[in-house]
Protein chains: 2
Amino acid sequence: MPPPSKHQGASARDRLLNAAAVLFYNDGIAATGIDAITARAGVAKQSLYNNFASKSDLVTTYIEQRHDEWLALYAARAAAAHHPKDIIIAVFDAYDDHATFAYERGFRGCGLLNAAAELGAGDAGRKAVRRHKEQVEEILHNQLSQLLPDDAGRAETLAAHLAFLLEGAMTRAGLEGDANRLRSARAMARDMLARL
Amino acid sequence: MPPPSKHQGASARDRLLNAAAVLFYNDGIAATGIDAITARAGVAKQSLYNNFASKSDLVTTYIEQRHDEWLALYAARAAAAHHPKDIIIAVFDAYDDHATFAYERGFRGCGLLNAAAELGAGDAGRKAVRRHKEQVEEILHNQLSQLLPDDAGRAETLAAHLAFLLEGAMTRAGLEGDANRLRSARAMARDMLARL
DNA sequence: ATAAATAGGTAGACTGGTCTATCTATATTA
DNA sequence: TAATATAGATAGACCAGTCTACCTATTTAT
């Protein structure tokens, strides 16, 4: 029987990234072996090493792909909004949207945070996760600066506050196995914005 | 040379738990092997299996020990407080205190959350982490119920809000390598309580 | 008091298995 | 033809856990 090959689906690289996304998210990075990834991707082991320098390189690419994916979800939501307050809520909605990207066997929170927890201090992936979270906070900060043009300090504090709500809710949601906490956090954010 | 034995220091069990605490926190659970733990503890491999049923059992004990440790730190802070608002701030202070328990090679956030990120959905340790976070939120909830005796809904929402601030700040602090974000979250909590 | 039993420690070889990564040899595709 | 895929063997490190064999206290029984 001939292999599925790239004709019927995605390239080996994409198939590997899709397989890795599900396995890394559901089982963790260290617990996911090369063989499990290639088997799920329906691809030869060598194809992994043709497309990625190492497992670590695949992990870093996985993280960057999640970041890009979240940005796209956010952009789609933000494009439909006009008021800075709605653009801020779009950040929360994008988190909620993103919460379903790969949970085949239960919700486990933010894949990027879970990955960072497994990675060593100097790892490139860990730094990418940090940059991602800083970028999320920056989006919040930009909108709050528009809402509070003459109180830069308060805009910064509020951006951090909303970022904490987001990450805290996501973390608790991951422990509890569903995204309900994210909805709570969004309601809290709405409430805070209403009081501006 | 005679072995150190229990006379000059801690028991093998305590030595193992102390060694595991540092290694699990700094390197992660999956990345820490049995041999590394026994070597750091200065203990024979069999002593690990005399005191724990498996590595997994050691991990669960590690998590429960962190929980007890945090509770003790919180109790010490709360004992010095009297007003419910001060008791709530004591929760934030205990997080800050706890942030230094085992970081030998840099701050990495909450050891319990990092552990949970590595553990499978049904793992006993993961459930223990969830219970711990629920207990923290319950402490906040109890105090807020005293502050807002006739608005149970608001007390519950505020408890969740403060819990999100705590976990979100801890998560970001872990990514950034220091506990500054925890101090920011405490200031935000103080501000919210002042407005009650 | 002395001897035996018990509890808990040591060092380190060993098993069976998994891991990442490379290599070979063949087949498909453009 | 040249690039890229395949299956699968292989290397070498590492894993959790078991086992043997010995040592040292303390406790119990005679």
Side-chain angles (χ1 to χ4, degrees), chain A residues 1-24 26-63 115 118-120 122-125, chain B residues 1-24 26-63 115 118-120 122-125:
Chain A
M1 195 197 314
S5 100
K6 67 173 92 168
H7 288 299
Q8 71 138 37
S11 67
R13 186 186 152 91
D14 288 345
R15 296 173 66 85
L16 284 162
L17 280 167
N18 290 340
V22 173
L23 297 173
F24 286 164
N26 288 279
D27 300 331
I29 291 170
T32 299
I34 266 350
D35 290 342
I37 298 169
T38 54
R40 181 179 240 270
V43 136
K45 193 184 293 197
Q46 186 59 37
S47 292
L48 193 157
Y49 290 96
N50 288 343
N51 287 282
F52 302 95
S54 62
K55 182 189 178 183
S56 173
D57 182 29
L58 175 61
V59 170
T60 305
T61 307
Y62 159 72
I63 288 171
E118 281 197 67
L119 299 174
D123 193 285
Chain B
M1 198 195 310
S5 98
K6 67 174 94 170
H7 289 298
Q8 72 138 35
S11 67
R13 186 186 152 88
D14 288 346
R15 295 174 65 85
L16 283 162
L17 280 167
N18 290 340
V22 173
L23 295 173
F24 286 164
N26 286 280
D27 300 330
I29 290 170
T32 298
I34 263 358
D35 290 340
I37 297 170
T38 53
R40 181 177 238 270
V43 135
K45 191 183 291 199
Q46 188 56 37
S47 292
L48 193 157
Y49 289 96
N50 286 344
N51 288 280
F52 302 95
S54 61
K55 181 189 178 183
S56 174
D57 182 30
L58 175 60
V59 170
T60 305
T61 308
Y62 158 73
I63 287 170
E118 282 197 67
L119 298 175
D123 192 286

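As the structure is a prediction and not an experimental result, all values here were calculated from the model. Residue numbers start from 1 in every chain, and the chains themselves are labelled A, B, ... in the order their sequence lines are given, proteins ahead of strands. Basis for what follows: all heavy atoms, side chains included, without hydrogens, waters or symmetry-related copies.
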For this session: Quick one: closest heavy-atom pair of A/Leu23 and A/Ala36, and the distance?
Result: CD1-O, 3.6 Å
Problem set entry | Taking every non-hydrogen atom, the tightest pair across A/Arg15 and A/Gly42 |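 Smallest heavy-atom distance, with atoms named: NH2-CA, 4.1 Å.
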Expressed in angstrom and rounded to an integer, what is the separation of [X] atom [atom1] from [N] atom [atom2]?
X: B/Asp14; N: C/dG9; atom1: CG; atom2: C1'; result: 15 Å
X: A/Asp57; N: C/dT22; atom1: CG; atom2: C1'; result: 17 Å
X: A/Leu58; N: C/dC19; atom1: CG; atom2: C1'; result: 15 Å

Exercise. OP1, OP2 of D/dT4 versus side-chain N and O of A/Ser47: anything below 4.0 Å?
Worked result: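 No, A/Ser47 has no side-chain N/O under 4.0 Å of OP1/OP2 on D/dT4.
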Problem set entry | N/O (side chain, A/Asn50) to phosphate O (OP1/OP2, D/dA3) under 4.0 Å |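 No, because none of the side-chain N or O atoms of A/Asn50 sits under 4.0 Å from OP1 or OP2 of D/dA3.
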Give me, pair by pair, the N or O atoms of the protein and of nucleotides 11-18 of chain D that are less than 3.5 Å apart, along with how far apart they are.
from   : atom 1 : to      : atom 2 : distance (Å)
D/dA16 : OP1    : B/Lys55 : NZ     : 3.0
D/dA16 : OP2    : B/Ile34 : N      : 2.6
D/dG17 : OP2    : B/Tyr49 : OH     : 2.9
D/dG17 : OP2    : B/Lys55 : N      : 2.9
D/dG17 : O5'    : B/Tyr49 : OH     : 3.4
D/dG17 : O6     : B/Lys45 : NZ     : 2.6

Seminar exercise, completed: For residues 43-52 of chain A, the side chain to side chain donor-acceptor pair (under 3.5 Å) pairs (sequence neighbours left out) are A/Asp35-A/Lys45, A/Gln46-A/Asn50
For this session: Sorted by first residue and then second, give each salt bridge (Lys or Arg N to Asp or Glu O under 4.0 Å) pair with at least one member in residues 47-63 of chain A; sequence neighbours left out.
Result: none
For this session: Measure the OG-CG distance between A/Ser11 and A/Leu16 for me, rounded to the nearest 0.5 Å.
Result: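 Here the rounded value is 8.5 Å.
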Exercise. CD/A/Glu118 to OG1/A/Thr32 distance, rounded to the nearest 0.5 angstrom?
Worked result: 8.0 Å
